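I have placed the structure first, in the form of structure tokens, so that the comments after it can refer back to it.
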2 protein chains.
Amino acid sequence: MPEPRLPADSPPTLRDVAQRVGVSAMTASRALRDDPGVLAATRERVRAGADELGYRPDEVARGLRPGSGTGLIGLVVTNLANPFYSRLALGVDSVMAGDGFKTVIGNTGQDLDSERELVADLVARRVDGIIAVPAAADQRHLAAAAADGVPVVLASRPPEGFEADCVLVDDFGGARAATARLITRGHRRIGFLGSPPAVYTGTERLRGYAAALAAHGIPFDDSRIRQGQTEPREARRAAAELLALPEPPTALFCSNNRNTIGAFRAIRASGTDTALAGFDDFELADSLGLPLTLVAYDSDEVGRAAGRLLAHRLRRTDPGTEKKSALGSIQRIVTPTSLVEYGS
Amino acid sequence: MPEPRLPADSPPTLRDVAQRVGVSAMTASRALRDDPGVLAATRERVRAGADELGYRPDEVARGLRPGSGTGLIGLVVTNLANPFYSRLALGVDSVMAGDGFKTVIGNTGQDLDSERELVADLVARRVDGIIAVPAAADQRHLAAAAADGVPVVLASRPPEGFEADCVLVDDFGGARAATARLITRGHRRIGFLGSPPAVYTGTERLRGYAAALAAHGIPFDDSRIRQGQTEPREARRAAAELLALPEPPTALFCSNNRNTIGAFRAIRASGTDTALAGFDDFELADSLGLPLTLVAYDSDEVGRAAGRLLAHRLRRTDPGTEKKSALGSIQRIVTPTSLVEYGS
DNA sequence: CTGTTAGCGCGTTCAT
DNA sequence: ATGAACGCGCTAACAG
């Protein structure tokens with residue numbers, strides 16, 4: 001009769017399995033990992049024993065060994081509640097899980113200090129790689145991680161001050177196209193609502209907006225620009241300000257969905273028929289009872305692409321080819337955008 | 001002149017620091033951890049050396065030691081793209097991060113096999129605890145993890161077949177209240193749209209719906225029940241079916257936001273003035289141009305509560321009090337709901 | 001106050 | 001084909 005093992009005990013170790021079957025720990029290890037050079041009979045015996053004990057190799061101990069990574073990658077985002085980031089995370093995870101990696105998600109809440117600490121902690125935890133959406137232009141902590149030999153891939157923002165793979169959205173082109181469409185429809189006074197100037201995507205989209213104006217010979221007017229809104233409530237207030245100008249804009253372009261939603265509420269409340277366009281598609285955009293032009297793109301794909309880039313690097317990291325310059329050329333992928341019209 | 005250390009080398013170890021300062025590894029360890037019984041002067045020297053080398057303790061090696069956990073907890077959800085889960089994740093992370101834990105998020109996509117594997121992997125990675133939203137009633141893998149000594153907290157579903165802390169939403173009460181309100185407004189033929197019967201929250205909400213009918217002497221009619229819709233598209237089709245019945249319902253109650261949105265589209269397309277109520281609040285619900293009664297609750301708080309429960313258990317796990325029964329009584333927290341009226 | 005020994009669980013290296 | 005020793009980085013436990 002087999003001993004009634006207490007399951008609450010510490011989990012069974014490799015030696016427990018080996019001892020039970022009557023072989024050495026090494027043989028057990030090899031057997032379980034399908035190492036050649038193990039008698040088929042022995043292998044079966046070991047496996048049986050492992051199953052009976054409910055043995056699972058300890059990934060922590062395994063990861064401690066030099067050469068073999070931890071199988072963990074870090075994902076650093078600013079706000080998981082934003083659909084863009086949760087989609088991104090899903091895309092990353094779907095690719096990495098397929099390659100046998102688990103994803104540790106860290107949320108920074110836009111705080112640079114949190115981000116620094118988080119990245120340092122991920123490195124201390126020996127993640128095999130990092131995918132990050134940096135909150136600001138100061139990316140020295142990421143540069144340091146990369147210099148420490150941890151592959152870094154940036155999503156939605158380009159690297160600043162160091163070299164790294166990245167996956168971007170065509171912020172400039174999308175914003176320009178949406179603005180151009182407003183102009184084509186006859187609008188000349190077009191307001192702009194966007195995130196704080198420090199955010200890369202925000203300034204890039206502002207550039208696209210400005211380029212469209214310039215291409216049509218429309219002067220850029222500071223008084224119609226409102227940057228810094230992060231939540232719909234703030235955006236609504238900013239939009240209301242623009243609509244209350246002596247010469248109010250006849251159309252608004254918003255650099256992200258938070259601002260678009262705020263602007264929608266302001267327009268609805270004002271009773272005007274101000275035209276609205278914005279970056280980021282979102283659910284129910286078609287049911288708001290207002291014409292709406294949106295810049296759409298595939299946020300899952302941004303995550304998947306970042307995951308593929310990282311997975312690619314992780315494969316080539318094994319040998320002693322540690323020199324960063326030798327790791328193959330840096331990749332920069334730009335995801336395309338498209339215009340969608342709603343609620344005509 | 002100090003040796004020009006190659007940063008791409010393997011990261012500095014504790015011994016490197018010790019050797020550089022001229023002490024033993026043990027002393028360095030103690031100094032960096034503010035252990036009492038270290039000469040203040042020595043401590044300073046060690047710290048200086050650590051800073052110069054950019055030393056960071058290896059969390060993996062540290063986690064290998066018995067007694068000291070890994071500082072990682074696992075979060076198992078079915079679909080991170082659903083705002084409910086991303087909010088939940090945020091809530092969990094905010095609490096756990098405050099207690100020094102990192103959260104590993106695993107997405108199962110409603111697949112039970114994925115969930116099993118994920119949980120096993122988390123245990124193999126020696127997470128200190130697990131918070132899970134199980135996809136189905138079969139929770140043996142979670143029971144096994146709990147039996148292995150890993151504290152488990154369930155969110156949004158109760159444990160089945162074992163004991164564990166959990167944080168629930170008042171599914172029954174919320175659904176009953178919303179349905180009752182429809183009845184109060186004069187509706188007698190009320191349709192029901194919900195998730196697959198296997199999902200706990202779905203059946204619980206169906207029970208609440210049925211209870212409201214019963215309380216008002218309205219017979220429960222199978223032909224007005226549609227379960228199994230997971231996406232708005234399916235929900236829309238199901239709702240359209242109900243609206244096409246010989247005696248169509250004058251109101252619909254939906255057990256989650258996916259179904260509510262689908263039903264909204266069906267009603268809008270039908271041109272009828274069918275009343276609509278549903279579980280889960282969602283953004284823009286107020287701007288759909290239709291009266292809408294929603295059951296709202298705080299999904300961040302569900303996550304935070306789960307995090308607090310787990311953090312609480314993690315504190316009491318240290319001593320040899322391994323017996324589950326001795327760990328203090330099982331907690332079950334129920335988050336309240338409230339009714340919200342939109343778009344009158 | 002500081003150093004030495006030992007071991008967490010695994011896998012690589014070298015023997016047998 | 002199998003086993004014994006060694007070490008990954010860190011820290012309790014016991015010297016000194």
Side-chain angles (χ1 to χ4, degrees), chain A residues 9-46 49-50 53-71 123-128 148-149 318-320, chain B residues 9-46 49-50 53-71 123-128 148-149 318-320:
Chain A
D9 249 340
S10 51
T13 156
L14 188 58
R15 287 157 125 108
D16 294 336
V17 177
Q19 200 169 342
R20 188 179 216 283
V21 183
V23 297
S24 84
M26 281 318 84
T27 308
S29 170
R30 291 194 264 250
L32 294 173
R33 307 211 322 142
D34 278 332
D35 242 67
V38 179
L39 217 52
T42 321
R43 189 190 314 149
E44 286 319 308
R45 272 170 48 222
V46 172
L53 262 54
Y55 169 78
R56 294 271 312 189
D58 185 324
E59 293 296 335
V60 175
R62 185 182 285 194
L64 186 56
R65 306 219 34 114
S68 89
T70 53
V123 173
R125 285 212 152 77
R126 290 212 183 177
V127 293
D128 295 334
D148 272 9
D318 306 308
Chain B
D9 250 338
S10 50
T13 154
L14 188 58
R15 287 158 128 107
D16 294 337
V17 177
Q19 200 169 342
R20 188 179 217 280
V21 184
V23 296
S24 84
M26 203 56 247
T27 306
S29 171
R30 289 196 267 249
L32 293 174
R33 307 210 315 140
D34 278 333
D35 241 66
V38 178
L39 215 54
T42 320
R43 191 191 313 149
E44 286 318 309
R45 272 169 49 220
V46 173
L53 263 53
Y55 169 78
R56 293 272 310 191
D58 185 323
E59 293 296 336
V60 175
R62 185 182 287 195
L64 187 56
R65 299 205 53 82
S68 87
T70 53
V123 173
R125 284 214 151 75
R126 291 212 183 175
V127 292
D128 295 334
D148 272 9
D318 305 310

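Numbers restart at 1 for each chain; the letters A, B, ... are given by sequence-line order, proteins then strands. Values reported hereafter were calculated over all heavy atoms of this structure, with side chains retained and with hydrogens, waters and symmetry mates removed. On a predicted model such as this, the values are computed, not experimentally measured, just so you know.
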At under 4.0 Å between heavy atoms, what does [X] touch on the DNA or RNA strands: base, sugar-phosphate, or nothing?
X      : value
A:V23  : sugar-phosphate
A:R33  : sugar-phosphate
B:R126 : sugar-phosphate
A:T42  : sugar-phosphate

If I take atom [atom1] in residue [X] and atom [atom2] in nucleotide [N], what distance separates them, rounded to the nearest angstrom?
X     : N      : atom1 : atom2 : value
A:R15 : D:dA5  : CZ    : P     : 11 Å
A:L64 : D:dT11 : CG    : P     : 12 Å
A:E59 : C:dG11 : CD    : P     : 9 Å
A:E44 : D:dA1  : CD    : P     : 15 Å
A:R45 : D:dA1  : CZ    : P     : 15 Å
A:L32 : C:dG9  : CG    : C1'   : 13 Å
B:Q19 : C:dG3  : CD    : P     : 13 Å
A:D58 : C:dG9  : CG    : C1'   : 6 Å

Choosing from [options], which nucleotide comes nearest the side chain of [X]?
X     : options              : result
A:M26 : D:dC10, D:dA5, C:dG9 : D:dA5
A:L14 : C:dT2, C:dC10, C:dG3 : C:dC10
A:T27 : C:dC8, C:dT4, D:dG3  : D:dG3
A:S29 : D:dG3, C:dG9, C:dG11 : C:dG11

| With a 4.5 Å heavy-atom cut-off, do A:V21 and A:T27 have their side chains touching? | no
Any donor-acceptor pair, under 3.5 Å, between the side chain of B:R65 and the base of C:dG9, if you only look at N and O atoms?
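Absent.
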Check: With distance as the sole criterion, do the side chain of A:R62 and the base of C:dC10 form a donor-acceptor contact below 3.5 Å?
Finding: no
- Reckon A:S24 has a side-chain N or O less than 4.0 Å from the OP1 or OP2 of D:dA4? no
Does the side chain of B:S68 get closer than 4.0 angstrom to OP1 or OP2 of D:dC10 through an N or O atom?
no
Shortest non-hydrogen separation from [X] to [Y] and the atoms involved:
X     : Y     : value
B:S68 : B:R62 : OG-O, 2.9 Å
B:R43 : B:D34 : CD-OD1, 3.9 Å
A:V38 : A:R30 : CG2-CB, 3.7 Å

> Would one find more than 12 heavy atoms of other residues, nucleotides or ligands at under 6.0 Å from atom CD of A:E44?
Replying inline: yes
